[in-house]
Amino acid sequence: MEENTEQRVDLTLFSEKIQELKDQIASVIVGQEQTVDLVLAAILANGHVLIEGVPGVAKTLLARLTARLIDADFSRIQFTPDLMPSDVLGTTVFNMKTNDFDFHQGPIFADIVLVDEINRAPAKTQAALFEVMEERQISIDGITHKMGELYTILATQNPVEQEGTYKLPEAQLDRFLMKITMDYPSLEEEVDILERHHTNTSLIRLDDIKPAITKEELLSLRAFMNQVFVDRTLLQYIALIVQQTRTSKAVYLGASPRASVAMLQASKAYALLQGRDFVTPEDIKFVAPYVLQHRLILTAEAEMEGYSPVKVTQRLIDKVEVPK
């Protein structure tokens, strides 16, 4: 019994930290509460995030701000059509003094890496991210370089219909824990943005923002994930949702077991963010579309009928009976 109260006390500390993070983000970005929740849940669940949206909806700002609030090494890579793998990973340079080769680390070496406009670089450069996203390490000239424990990639991408974008390979999309779409703000939110810019008093510069949480604190919060209780019926619920994606007539390629694990981790992290140490069916329902939408390939018929992966995912989730 004592152990339980101790855990509850820790949870309050945790909630305060998370609330501070959310408040700081809200002071810079108007609205987007749901997106912020999802990004924090993904980082907590030790997963990479893909944020999609048209230019100008604060995708990069959100990623930079999140990284700024966590006191960790940060690096930004702008993906362009002429970017080479060595521009991302680093290069081996011959050192005349020592008569040896020195490795110069690329921008991929940091705790939190913002990859901006990830779908503007060609396949060769995309492939450079494969190993580091899954194994948290890179191999160059037969030498393996390990990444830190916190290693997280926050990537932004423009909608695929836009000029000069490449479709990301399925295997790479599958390595993102979540794909979050940032939409245009509502009318009220847009007025709020304009008011902030007009008065200029409410505008906060990124440089003025102090980190709200240290790397160590974030890692100890991650350790909490193991203590989150998930009932067996909920594990079955996750499995049934994923099974649906494999049997649906609208889906050509369904979700892999990696998607099931991602849904479990994401729902545990989301429950923690809500201040609970147990997962509810609602947590799973909330994170499921973001975990699944980028992992499904629809059939040509479904696409011609105007279905989107998000719509199909939502319908598949609704088909599965929610455990009582």
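All residue numbers in this chain count up from 1 along the given sequence.
Residues Thr313 and Pro289 approach most closely at CG2-CA, 3.6 Å, considering heavy atoms. Gln265 and Ala45 get closest at one heavy-atom pair: O-CB, 3.7 Å. Heavy-atom minimum distance, Gly90 versus Ile140: O-CD1, 4.1 Å. Met178 and Ala41 make their closest contact through CE-CB, 4.3 Å (heavy atoms, listed as atom of the first residue, atom of the second, distance).
The shortest side-chain heavy-atom distance between Leu316 and Val251 falls under the 4.5 Å cut-off. Residues Lys124 and Pro85 form a side-chain contact, since some pair of their non-hydrogen atoms from C-beta on lies under 4.5 Å apart. Put simply, the side chain of Val49 does not reach to within 4.5 Å of the side chain of Leu177, judged on heavy atoms. Within the 4.5 Å cutoff, the side chain of Thr66 has heavy atoms near those of the Leu40 side chain. Counting heavy atoms from C-beta on, the side chains of His104 and Thr92 never come closer than 4.5 Å. Under the 4.5 Å side-chain criterion, counting only non-hydrogen atoms from C-beta, Leu38 is in contact with Phe286. Residues Gln293 and Tyr290 form a side-chain contact, since some pair of their non-hydrogen atoms from C-beta on lies under 4.5 Å apart. No side-chain heavy atom of Asp73 sits under 4.5 Å from any side-chain heavy atom of Leu150.
Heavy-atom neighbours of Gln78 CD from other residues, nucleotides or ligands within 6.0 Å: above the threshold of 12. In Phe103, the CZ atom is crowded: over 12 heavy atoms of neighbouring residues, nucleotides or ligands sit closer than 6.0 Å.
Of the inter-residue distances, the one linking Leu264 atom CG with Leu234 atom CG reads 9.5 Å to the nearest 0.5 angstrom. Considering OG1 of Thr125 and CZ of Phe79, their distance stands at 6.5 Å, rounded to 0.5 Å. Atom CD1 of residue Ile153 and atom CD1 of residue Ile108 lie 4.5 Å apart, to the nearest 0.5 angstrom. Interatomic distance, Ser260 OG to Ile241 CD1, rounded to the nearest 0.5 Å: 10.0 Å. Taking CD of Gln137 as the reference point, atom CD of Glu131 lies at 5.0 Å (rounded to 0.5 Å). Here Glu117 contributes atom CD and Leu83 contributes atom CG; the two are 12.0 Å apart, rounded to the nearest 0.5 Å.
With Lys268 as reference, Val230 is the one residue of Leu44, Val230, Ile284 to meet the side chain to side chain contact (heavy atoms under 4.5 Å, CB included) rule. Results of the side chain to side chain contact (heavy atoms under 4.5 Å, CB included) test with Thr152 over Asp111, Ile43, Val113 single out Ile43 as the only residue that passes.
Distance alone, capped at 3.5 Å, is enough to place a donor-acceptor pair between the Thr245 side chain and the Ala255 backbone. Between the side chain of Asn119 and the main chain of Asn158, a donor-acceptor pair closer than 3.5 Å is present. With hydrogens and angles disregarded, no donor-acceptor distance shorter than 3.5 Å links the side chain of Gln157 to the backbone of Gly53. For Arg315 (side chain) and Lys311 (main-chain N/O), no donor-acceptor pair under 3.5 Å exists by modelled atom type. Between the side chain of Arg136 and the backbone N or O of Tyr151 there is at least one donor-acceptor pair closer than 3.5 Å. Remark: side-chain polar atoms of His294 are paired, donor with acceptor, to backbone N or O of Phe176 under 3.5 angstrom. No donor-acceptor pair under 3.5 Å is formed between the side chain of Thr91 and the backbone N or O of Val93. No side-chain donor-acceptor contact under 3.5 Å links Glu170 to the backbone of Arg295. Judged purely by atom type and a 3.5 angstrom limit, Glu217 uses its side chain to pair as donor or acceptor with the backbone of Thr214. No donor-acceptor distance shorter than 3.5 angstrom exists from the side chain of Arg222 to the backbone of Leu218, with no hydrogens or angles considered.
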Does the side-chain contact (heavy atoms from CB on, under 4.5 Å) test come out yes or no for Val322 and Tyr237, once each step is laid out? CA-CA 7 Å; Val322 178; Tyr237 182 50; 3.7 Å; yes
Kindly determine whether Thr280 and Arg276 satisfy side-chain contact (heavy atoms from CB on, under 4.5 Å), including the steps that lead there. CA-CA 9 Å; Thr280 68; Arg276 281 184 276 102; 3.6 Å; yes
Walk me through it: do Ser256 and Asp174 pass the test side-chain contact (heavy atoms from CB on, under 4.5 Å)? CA-CA 8 Å; Ser256 66; Asp174 200 28; 3.4 Å; yes
Apply side-chain contact (heavy atoms from CB on, under 4.5 Å) to residues Ile118 and Gln172 and explain how you reach the verdict. CA-CA 11 Å; Ile118 189 169; Gln172 186 173 358; 3.7 Å; yes
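Leu219 is connected to Val228 through a chain of hydrophobic side-chain contacts under 4.5 Å among Ile, Leu, Val, Met, Phe, Trp and Tyr, so both are in one cluster. Ile238 and Leu296 sit in two unconnected hydrophobic clusters of ILVMFWY residues. Membership requires side-chain heavy atoms under 4.5 Å apart, directly or through other members. If you chain together hydrophobic residues whose side chains sit under 4.5 Å apart, Tyr270 and Ile180 fall into the same group. Cluster membership for Leu240 and Val279, using ILVMFWY side-chain heavy atoms within less than 4.5 angstrom, is shared.
Of the charged side-chain nitrogens involved, none lies within less than 4.0 Å of a carboxylate oxygen, so that Lys215 and Asp71 do not count as a salt-bridged pair. Between Glu135 and Lys146 there is no salt bridge, since none of the side-chain N atoms of the basic residue sits less than 4.0 Å from a carboxylate O of the acidic one.
Between Arg246 and Gln244, the side chains place no donor N or O within less than 3.5 Å of an acceptor N or O (distance only, hydrogens not considered).
Taking the ring axis of Phe74 as reference, the NZ or CZ atom of Arg68 does not stay both within 45° of it and closer than 6.0 Å to the ring centre.
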